[in-house]
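See structure below.
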Amino acid sequence: MHGLDFALGETAAMIRDTTRRFAEERIAPLAARIDAEDWFPRDELWPAMGELGLHGITVDEADGGLGLGYLEHVVAQEEVARASASIGLSYGAHSNLCVNQIRRWANPEQKAKYLPKLISGEHVGSLAMSEAGAGSDVVSMKLKAQRTDRGYMLNGTKFWITNAPYADVLVVYAKTGEGSRGITTFLIEKDMPGFAIGQKIDKMGMRGSPTAELVFTDCEVPEENVMGPLNGGVGVLMSGLDYERTVLAGIQLGIMQACLDTVLPFVRERQQFGTPIGHFQLMQAKVADMYVALNSARAYVYAVAQACDAGRTTRFDAAGAILYASENAFRVAGEAVQALGGAGYTKDWPVERYLRDAKLLDIGAGTNEIRRMLIGRELIGAAG
């Protein structure tokens, strides 16, 4: 399908072509198994993605990355998720939530220690913000970091953590004081004494993107593993959330494109009443709506990514882009199931997986309710 050329530039086009080829050859053949077996193909994919430079798209060249922007990252995210949304989610958690936060906030020694293996794909990265009782209300987190002679001692848990069972390095937020001015960011290594992976979480969709609980029991973390300012973790967290939402919106673009990739050949070939069902006007209208939903979401997400690169993004537009992309993706995936009829409701076709996968980003990275609240509050506040 040849769609609208968004004229994103030669670099973005090159990233798209490279990532698409890799995704078609290496990720797509594994996608059904990843979902069916809840399997994370770390060895099969992570180092190879590192060789392409995908893990360090936004990292400066001096630190081993490609030195590109969020627009290129969104495009890569879209193409990975087009082949497998589960791998797209784990990729986003690794390359943006972990690697990009280290790029933005770590000191030179921390960058030199952690970035090379994360960018090469030898290591898997993760970010831990949510807890069982602290999701949207993240400032109410309970994981406590107590000062000691040698650094900090962490006690508590994190929940819903993407990549946790495989993560070598985790960006973790913990309480070092009271309220929003009492949160600090730590770099945690998987083999630190007192740190363990708790229960693995079985999910409706995004299966194969591993999610688990983190458990800290008198976990000793040295002083040099504090990332960013002491008690400045909310600033680290919130500033990263805008970029997280922008990049993760690329997953939903990939899902919508995958839906069209499946639906268009089907409606051309499937015959009823002696004619391809794509010749029926109601089916043409359905496909038209899917296409318009994808491209309108693309336009918003790409524009916000370009604003991020220009240093002029707004928090409510980052929230708006993922809100629009996520709701469109869930609707488009539902229409893809409908377009295939009985076939769409079976495991023989991938559209039921697209529907299950699309639902996550109505919830993850801040629910759509929170996004609407943020946008409305900002607009009304600005107007007042």
Legend entry - Residue pair Ala297 / Asn328: nearest heavy atoms and the distance that separates them: CB-ND2, 4.0 Å
Inset, instruction - Classify the angle between the aromatic ring planes of Phe6 and Tyr302 as parallel (below 30°), tilted (30 to 60°) or perpendicular (above 60°). - result: perpendicular
Legend entry - Under-4.0 Å salt bridge between Lys200 and Asp38: yes
Legend entry - Electrostatic pair Arg20-Glu78, nearest N-O below 4.0 angstrom: no
Legend entry - Partner set under ring pair (Phe, Tyr, Trp, His ring centres under 6.0 Å) for Tyr166, not counting sequence neighbours: Phe40
Inset, instruction - Enter the distance from Arg298:CZ to Leu8:CG here, rounded to the nearest 0.5 Å. - result: 9.5 Å
Legend entry - Sidechain-backbone polar pair: Asp218 side chain, Gly194 backbone, donor-acceptor under 3.5 Å: no
Legend entry - pair Val263-Leu340: side-chain heavy atoms closer than 4.5 Å: yes
Legend entry - Residues Glu223, Arg150: salt bridge by 4.0 Å N-O rule: no
Legend entry - Exam field: side chain Gln101 to backbone Val236, donor-acceptor pair closer than 3.5 Å: yes
Inset, instruction - Taking atom CH2 of Trp160 as the centre, report whether more than 12 heavy atoms of other residues, nucleotides or ligands fall under 6.0 Å from it. - result: no
Legend entry - Basic-acidic side-chain contact under 4.0 Å: Glu352, Arg356: yes
Inset, instruction - Indicate yes or no: does Arg353 engage Asp35 in a salt bridge with an N to O separation below 4.0 Å. - result: no
Legend entry - Verdict with supporting geometry, Arg21 and Glu24, salt bridge (charged side-chain N to carboxylate O under 4.0 Å, His left out): CA-CA 5 Å; Arg21 273 199 305 274; Glu24 286 175 351; over 6 Å; no
Inset, instruction - Might you confirm whether atom CD of Glu37 has over 12 heavy atoms from other residues, nucleotides or ligands at distances under 6.0 Å? - result: yes
Legend entry - CG-OG1 distance between Asp317 and Thr246, expressed to the nearest 0.5 angstrom: 9.0 Å
Legend entry - Side-chain donor or acceptor of Glu213 paired with backbone N/O of Glu131 under 3.5 Å: no
Inset, instruction - Could you tell me which residues satisfy ring pair (Phe, Tyr, Trp, His ring centres under 6.0 Å) with His73, sequence neighbours excluded, listed by chain and number? - result: Tyr91
Legend entry - Contact check, side chains of Arg104 and Asn100, non-hydrogen atoms, under 4.5 Å: yes
Legend entry - Salt bridge Lys113-Glu224, side-chain N to carboxylate O under 4.0 Å: no
Inset, instruction - Count the heavy atoms of every other residue, nucleotide or ligand shown that sit under 6.0 Å from NZ of Lys117, and state whether that count exceeds 12. - result: no
Inset, instruction - Measure the shortest side-chain to side-chain distance between Glu189 and Asn225 over non-hydrogen atoms and say whether it is less than 4.5 angstrom. - result: yes
Legend entry - Residue pairs passing the ring-ring contact (aromatic ring centres under 6.0 Å, His included) test where at least one lies in residues 231-255, sequence neighbours excluded: Tyr70-Tyr243
Legend entry - Backbone of Lys144 reached by a side-chain donor or acceptor of Asn155 within 3.5 Å: no
Inset, instruction - Run the ring-centre check on Trp46 versus His94 and record whether the distance is less than 6.0 Å. - result: yes
Legend entry - Least distance between heavy atoms, Leu118 atom then His55 atom: O-CB, 3.6 Å
Inset, instruction - Look at the side-chain heavy atoms of Ile, Leu, Val, Met, Phe, Trp and Tyr, link any pair under 4.5 Å apart, and say whether Met256 and Val304 land in one connected group. - result: no
Inset, instruction - Output yes when a side-chain donor or acceptor of Thr18 lies under 3.5 Å from a complementary backbone atom of Ile15, and no otherwise. - result: no
Legend entry - Heavy-atom side-chain proximity of Met129 to Leu237 below 4.5 angstrom: yes
Legend entry - same_hphob_cluster(Trp349, Tyr345) at 4.5 Å side-chain heavy-atom cutoff: no
Legend entry - N/O donor-acceptor pair under 3.5 Å between Gln77 side chain and Gly88 backbone: yes
Legend entry - Backbone of Ala62 reached by a side-chain donor or acceptor of Asp60 within 3.5 Å: no
Inset, instruction - Examine Met141 and Leu214 and state if one hydrophobic cluster contains both, with Ile, Leu, Val, Met, Phe, Trp and Tyr joined whenever side-chain heavy atoms are less than 4.5 Å apart. - result: no
Inset, instruction - Using the side chain to side chain donor-acceptor pair (under 3.5 Å) rule, take Ser86 and Ser209 through it: C-alpha gap first, then chi angles, then the decisive distance, then the call. - result: CA-CA 5 Å; Ser86 300; Ser209 176; over 6 Å; no
Legend entry - Ion pair Arg331/Asp289, N-O distance below 4.0 Å: no
Legend entry - Residue pair Asn368 / Ser326, side-chain heavy-atom distance below 4.5 Å: yes
Inset, instruction - May I ask you to say whether Arg82 pairs ionically with Asp261, meaning some side-chain N is under 4.0 Å from a carboxylate O? - result: yes
Legend entry - Phe159 vs Ser130 side-chain heavy atoms within contact, under 4.5 Å: no
Legend entry - Check ion pair Arg42-Asp168 (N to O, under 4.0 angstrom): yes
Inset, instruction - Kindly compute the distance separating CG (Leu89) from CG (Leu248), expressed to the nearest 0.5 Å. - result: 7.0 Å
